[in-house]
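First the structure, in the form of structure tokens, and then the observations on it.
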Amino acid sequence: MEKYLKQLFELKKLGKPLRLAAEEWKNNYEILFSTILSARTRDEITIPTAEKLFKIYSTTKSLANAKLKNVEKIIRSVNFYKNKSRNIIACAKEIEKEYQGKIPINFEELLKLPGVRRKTANVFLSEIGKNAIGVDTHVGYIAQKLKWSNSNKPAKIEEDLKKLFPKKYWRKLNSILVTFGRTHTSRKSKNEILEQIRKIK
């Protein structure tokens, strides 16, 4: 365990301070919906897009009553904006109907919401202070390169990481690994750094 923590701390040192899509929002509503919007979209596009959305629709109730065309126009810059527009409206409606407008903070309940899958649920939970690990492309890639996991399946990678790291570090893993991945964009350079980190004992 000590070796893996040393490797994690080294990754943290090598990442530039960057705001990620789920970070620095005012409430759970903004955290969840910005995370949904961030799927397969760069954070520097997601964040201003989410800010525009929240200026017009500041609650789940207002978003639940939004017209699809209006939402599509606002979030057009994110990837898969048409599907995401349908999902976030449906998600807001479900939250209003089943949870009285309050975002559920239970993993299984979150997965029932339209547009919310395992990674989104875990990133949301970790951002509100729960012990969870969101496994995205960056996390999966780095975990494999450092031999933290031999799997390419997010659920299995998540399981492997939970065995390697104490609970108090779970919610920090995604942020540290994604920040490192976004800082080092050259695949060759990134792999060279990760190979050196892998040798840390």
Original post:
Hey, is CD1 on Ile200 packed in by over 12 heavy atoms from elsewhere, all under 6.0 Å?
Top reply: yes
**OP:** Please determine if Glu51 and Lys55 form a salt bridge, counting it only when a charged side-chain N lies under 4.0 Å from a carboxylate O.
**Re:** no
**OP:** Report the distance from atom OG1 of Thr183 to atom CG of Leu11, rounding to the nearest 0.5 Å.
**Re:** 10.5 Å
Subject >> Gap between atom CG of Leu53 and atom OG1 of Thr46 - 0.5 Å precision >> reply: 11.5 Å
Original post:
Above 12 or not: heavy atoms from other molecules or residues under 6.0 Å from OH of Tyr4?
Top reply: no
Original post:
Do any N or O atoms from the side chain of Asp160 and from the backbone of Trp148 form a donor-acceptor pair under 3.5 angstrom?
Top reply: no
Original post:
Charged N to carboxylate O below 4.0 Å: is that the case for Arg182 and Glu44?
Top reply: yes
**OP:** Spell out, as yes or no, whether a donor-acceptor pair under 3.5 Å connects the side chain of Asn174 to the backbone of Gly134.
**Re:** yes
**OP:** Identify which one of Ile45, Thr41, Leu37 satisfies the side-chain contact (heavy atoms from CB on, under 4.5 Å) criterion when paired with Ser77.
**Re:** Ile45
Subject >> Euclidean distance, Tyr81 OH relative to Asn87 CG, rounded to 0.5 Å >> reply: 14.5 Å
Original post:
So, Lys163 and Glu159, do they make that salt bridge, N to O below 4.0 Å?
Top reply: yes
Original post:
Phe54 and Phe33: aromatic ring centres closer than 6.0 Å?
Top reply: no
Original post:
Is a salt bridge present between Glu96 and Lys93, judged by a nitrogen-to-oxygen distance below 4.0 Å?
Top reply: no
**OP:** Return yes if a side-chain donor-acceptor contact under 3.5 Å exists between Gln144 and Asn152, otherwise no.
**Re:** no
Original post:
Taking atom CG of Leu20 and atom OG1 of Thr35, what is their separation to the nearest 0.5 Å?
Top reply: 10.0 Å
Original post:
Can we say Glu72 and Lys69 salt-bridge, meaning some charged N sits less than 4.0 Å from an Asp/Glu carboxylate O?
Top reply: no
**OP:** Taking atom types as modelled, find out whether Tyr169 and Asn131 have a side-chain donor-acceptor pair closer than 3.5 angstrom.
**Re:** no
Original post:
Taking Glu10 for the side chain and Ile197 for the main chain, is one N or O donor matched with an acceptor at less than 3.5 Å?
Top reply: no
Subject >> Cluster overlap Trp170 with Leu110, hydrophobic side-chain contacts below 4.5 Å >> reply: no
Original post:
Between Tyr99 and Glu94, does any side-chain donor sit less than 3.5 Å from a side-chain acceptor?
Top reply: no
Original post:
With no hydrogens and no angle check, is any side-chain donor or acceptor of Arg19 less than 3.5 Å from a backbone partner on Glu23?
Top reply: yes
Original post:
Got a sec: does the CZ of Arg42 have more than 12 other heavy atoms crowding it under 6.0 Å?
Top reply: no
Original post:
If you measure from CD1 on Ile74 to OG1 on Thr49, what distance do you get to the nearest 0.5 Å?
Top reply: 10.0 Å
**OP:** Inspect the surroundings of NZ in Lys61 and state if more than 12 heavy atoms from other residues, nucleotides or ligands are less than 6.0 Å away.
**Re:** no
**OP:** Say whether Ser62 and Thr59, considering side chains only, have a donor N or O and an acceptor N or O under 3.5 Å apart.
**Re:** yes
**OP:** Show the numbers, then the answer: is there a salt bridge (charged side-chain N to carboxylate O under 4.0 Å, His left out) between Lys112 and Glu108?
**Re:** CA-CA 7 Å; Lys112 295 177 184 177; Glu108 298 302 332; over 6 Å; no
Original post:
What distance do Thr137 atom OG1 and Lys119 atom NZ have between them, rounded to the nearest 0.5 Å?
Top reply: 8.0 Å
